[in-house]
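Position 1 is the first residue of the sequence; numbering continues from there. Whatever order the structure lists them in is the order used to number ligands and atoms, beginning at 1.
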Amino acid sequence: MEQTLFDKYGGFATVSRIVSAFYDEVLDSPRLSPFFDGLDMRRLVDHQTKFIASLMGGPASFSNEALVRAHSGLGIDSESFDEAVKILKFTLEDFDLEEGDISRVIGEVLSRRHCIVTQA
Ligand code: HEM
(Lines give C-alpha, C1' and ligand atoms only; values in the text may rest on other atoms or scores of the structure.)
Protein backbone atom coordinates (compact mmCIF):
# COMPACT_ATOMS: atom_id res chain seq x y z
CA MET A 1 0.00 0.00 0.00
CA GLU A 2 1.23 3.49 -0.79
CA GLN A 3 2.53 5.36 2.24
CA THR A 4 0.37 8.33 3.23
CA LEU A 5 1.87 11.83 3.44
CA PHE A 6 0.86 11.74 7.11
CA ASP A 7 3.17 8.78 7.79
CA LYS A 8 5.87 9.97 5.41
CA TYR A 9 6.36 13.22 7.36
CA GLY A 10 6.13 11.92 10.91
CA GLY A 11 2.44 11.83 11.83
CA PHE A 12 0.70 13.99 14.41
CA ALA A 13 3.98 15.21 15.94
CA THR A 14 4.94 16.94 12.69
CA VAL A 15 1.44 18.04 11.72
CA SER A 16 0.86 19.77 15.04
CA ARG A 17 4.19 21.61 14.71
CA ILE A 18 3.20 22.68 11.19
CA VAL A 19 -0.17 23.95 12.41
CA SER A 20 1.37 25.88 15.34
CA ALA A 21 3.84 27.55 12.97
CA PHE A 22 0.96 28.32 10.55
CA TYR A 23 -1.07 30.07 13.26
CA ASP A 24 1.96 32.05 14.47
CA GLU A 25 2.11 33.55 10.97
CA VAL A 26 -1.67 33.98 10.71
CA LEU A 27 -1.67 35.96 13.97
CA ASP A 28 1.10 38.17 12.57
CA SER A 29 -1.04 39.02 9.54
CA PRO A 30 -2.95 42.31 9.92
CA ARG A 31 -5.58 41.01 7.49
CA LEU A 32 -6.18 37.69 9.25
CA SER A 33 -5.44 38.21 12.94
CA PRO A 34 -8.61 40.22 13.81
CA PHE A 35 -10.74 37.17 12.95
CA PHE A 36 -9.06 35.25 15.76
CA ASP A 37 -9.45 37.85 18.52
CA GLY A 38 -10.50 36.23 21.77
CA LEU A 39 -10.57 32.68 20.43
CA ASP A 40 -9.21 29.68 22.27
CA MET A 41 -6.22 29.06 20.01
CA ARG A 42 -5.41 25.71 21.61
CA ARG A 43 -8.75 24.30 20.52
CA LEU A 44 -8.27 25.78 17.07
CA VAL A 45 -4.80 24.28 16.67
CA ASP A 46 -6.26 20.94 17.74
CA HIS A 47 -9.04 21.05 15.13
CA GLN A 48 -6.80 22.39 12.40
CA THR A 49 -4.33 19.59 13.17
CA LYS A 50 -7.06 17.02 12.64
CA PHE A 51 -8.04 18.73 9.42
CA ILE A 52 -4.51 18.84 7.95
CA ALA A 53 -3.87 15.28 9.17
CA SER A 54 -6.98 14.10 7.35
CA LEU A 55 -5.89 15.86 4.15
CA MET A 56 -2.57 14.00 4.41
CA GLY A 57 -4.28 10.63 4.65
CA GLY A 58 -3.88 10.33 8.42
CA PRO A 59 -6.21 8.68 10.93
CA ALA A 60 -8.48 11.68 11.43
CA SER A 61 -11.59 12.82 9.70
CA PHE A 62 -12.88 16.28 9.11
CA SER A 63 -16.00 16.89 7.07
CA ASN A 64 -16.69 19.73 4.71
CA GLU A 65 -19.83 20.37 6.78
CA ALA A 66 -17.66 21.06 9.83
CA LEU A 67 -15.57 23.49 7.78
CA VAL A 68 -18.69 25.29 6.58
CA ARG A 69 -20.06 25.46 10.13
CA ALA A 70 -16.80 26.93 11.51
CA HIS A 71 -16.55 29.67 8.89
CA SER A 72 -20.16 30.60 8.22
CA GLY A 73 -20.94 34.07 9.49
CA LEU A 74 -17.29 35.13 9.56
CA GLY A 75 -17.59 36.96 6.24
CA ILE A 76 -14.27 35.66 4.89
CA ASP A 77 -13.38 37.06 1.47
CA SER A 78 -11.21 35.56 -1.27
CA GLU A 79 -8.17 37.72 -0.44
CA SER A 80 -8.17 36.46 3.16
CA PHE A 81 -8.52 32.87 1.98
CA ASP A 82 -5.66 33.32 -0.51
CA GLU A 83 -3.47 34.83 2.19
CA ALA A 84 -4.14 31.90 4.53
CA VAL A 85 -3.32 29.45 1.73
CA LYS A 86 -0.09 31.32 0.96
CA ILE A 87 0.93 31.17 4.62
CA LEU A 88 0.17 27.45 4.71
CA LYS A 89 2.28 26.90 1.59
CA PHE A 90 5.28 28.78 3.06
CA THR A 91 4.90 26.83 6.28
CA LEU A 92 4.93 23.48 4.45
CA GLU A 93 8.05 24.63 2.58
CA ASP A 94 9.70 25.52 5.90
CA PHE A 95 9.04 21.97 7.08
CA ASP A 96 10.78 20.61 3.96
CA LEU A 97 7.86 18.80 2.42
CA GLU A 98 8.60 17.88 -1.19
CA GLU A 99 7.14 20.19 -3.79
CA GLY A 100 4.74 17.61 -5.23
CA ASP A 101 3.46 16.79 -1.74
CA ILE A 102 2.92 20.48 -0.97
CA SER A 103 0.92 20.79 -4.18
CA ARG A 104 -1.28 17.89 -3.14
CA VAL A 105 -2.06 19.38 0.28
CA ILE A 106 -2.63 22.87 -1.13
CA GLY A 107 -4.83 21.42 -3.88
CA GLU A 108 -7.00 19.75 -1.23
CA VAL A 109 -7.34 23.05 0.63
CA LEU A 110 -8.10 25.02 -2.56
CA SER A 111 -10.85 22.56 -3.46
CA ARG A 112 -12.59 23.61 -0.21
CA ARG A 113 -12.57 27.35 -0.93
CA HIS A 114 -16.37 27.26 -1.26
CA CYS A 115 -16.64 25.98 2.34
CA ILE A 116 -14.72 28.93 3.76
CA VAL A 117 -15.24 31.98 1.56
CA THR A 118 -18.66 33.55 2.08
CA GLN A 119 -18.01 37.05 0.79
CA ALA A 120 -17.03 38.24 -2.71
C1 HEM B 1 -6.41 27.96 4.26
C2 HEM B 1 -7.71 27.96 4.41
C3 HEM B 1 -8.37 27.59 5.72
C4 HEM B 1 -8.47 26.38 6.31
C5 HEM B 1 -7.93 25.07 5.76
C6 HEM B 1 -9.18 26.54 7.56
C7 HEM B 1 -9.50 25.52 8.44
C8 HEM B 1 -10.12 25.69 9.65
C9 HEM B 1 -10.44 24.64 10.57
C10 HEM B 1 -10.15 23.17 10.36
C11 HEM B 1 -11.05 25.20 11.64
C12 HEM B 1 -11.54 24.50 12.90
C13 HEM B 1 -12.99 24.16 12.72
C14 HEM B 1 -13.66 23.76 13.99
O15 HEM B 1 -13.37 24.33 15.06
O16 HEM B 1 -14.49 22.84 13.94
C17 HEM B 1 -11.13 26.62 11.40
C18 HEM B 1 -11.70 27.54 12.25
C19 HEM B 1 -11.65 28.89 12.07
N20 HEM B 1 -11.18 29.53 10.96
FE21 HEM B 1 -10.41 28.68 9.33
N22 HEM B 1 -9.50 27.85 7.71
C23 HEM B 1 -9.00 28.53 6.62
C24 HEM B 1 -9.09 29.86 6.36
C25 HEM B 1 -9.55 30.78 7.26
C26 HEM B 1 -9.51 32.22 7.05
C27 HEM B 1 -8.98 32.89 5.78
C28 HEM B 1 -10.02 32.77 8.17
C29 HEM B 1 -10.22 34.22 8.54
C30 HEM B 1 -9.70 35.22 7.91
C31 HEM B 1 -10.40 31.70 9.07
C32 HEM B 1 -10.95 31.88 10.31
C33 HEM B 1 -11.30 30.89 11.17
C34 HEM B 1 -11.86 31.12 12.49
C35 HEM B 1 -12.14 32.50 13.11
C36 HEM B 1 -12.10 29.87 13.05
C37 HEM B 1 -12.69 29.58 14.42
C38 HEM B 1 -14.17 29.52 14.36
C39 HEM B 1 -14.74 29.30 15.74
O40 HEM B 1 -14.20 28.48 16.48
O41 HEM B 1 -15.70 29.95 16.09
N42 HEM B 1 -10.11 30.51 8.49
N43 HEM B 1 -10.56 26.88 10.19
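Closest to atom 7 (C) of ligand 1, if we only count protein heavy atoms, is Q48 NE2, 3.4 Å. For atom 31 (C) of ligand 1, the closest heavy atom belonging to the protein is I76 CD1, 3.5 Å. In terms of protein heavy atoms, atom 14 (C) of ligand 1 is closest to H47 ND1, 2.9 Å. At the shortest separation from atom 21 (Fe) of ligand 1 among protein heavy atoms lies H71 NE2, 2.0 Å. The shortest contact between atom 30 (C) of ligand 1 and any protein heavy atom is with F35 CD1, 3.1 Å. Of the protein's non-hydrogen atoms, the one nearest atom 4 (C) of ligand 1 is I116 CD1, 3.6 Å. The shortest contact between atom 38 (C) of ligand 1 and any protein heavy atom is with A70 O, 3.6 Å. For atom 18 (C) of ligand 1, the nearest non-hydrogen atom of the protein is L44 CD1, 3.5 Å.
Each of the following atoms of ligand 1 lies closer than 4.0 Å to a heavy atom of V109: 1 (C), 2 (C).
The existence of a salt bridge linking R69 and E65 is excluded, since no basic side-chain nitrogen approaches an acidic carboxylate oxygen closer than 4.0 Å. Salt-bridge formation is not detected for the pair E108/R104: no Lys NZ or Arg NE/NH1/NH2 atom is positioned less than 4.0 Å from an Asp or Glu carboxylate oxygen. Using a cut-off of 4.0 Å between Lys/Arg side-chain N and Asp/Glu carboxylate O, D82 and R113 are scored as salt-bridged.
Not a single heavy atom of I87 lies less than 4.0 angstrom from ligand 1. For L39, the heavy-atom gap to ligand 1 drops under 4.0 angstrom. For the ligand labelled ligand 1, residue R43 lies inside the 4.0 Å heavy-atom shell.
In this comparison of F51, F62, F36, the heavy atom closest to atom 33 (C) of ligand 1 sits on F36.
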Practice item. Please lay out, stage by stage, how F90 and E25 fare under the test side-chain contact (heavy atoms from CB on, under 4.5 Å). Key: CA-CA 10 Å; F90 286 150; E25 292 298 322; over 6 Å; no

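Of the heavy atoms in L74, only side-chain atoms (C-beta onward) come closer than 4.0 Å to ligand 1.
Distances between N or O atoms of S80 and those of ligand 1 include no value under 3.5 Å.
You'll find the ring centres of F12 and F6 inside the 6.0 Å limit.
With S54 contributing its side chain and F51 its backbone, the two residues share a donor-acceptor pair below 3.5 Å.
Within 6.0 Å of NZ on K8 lie more than 12 heavy atoms contributed by other residues, nucleotides or ligands.
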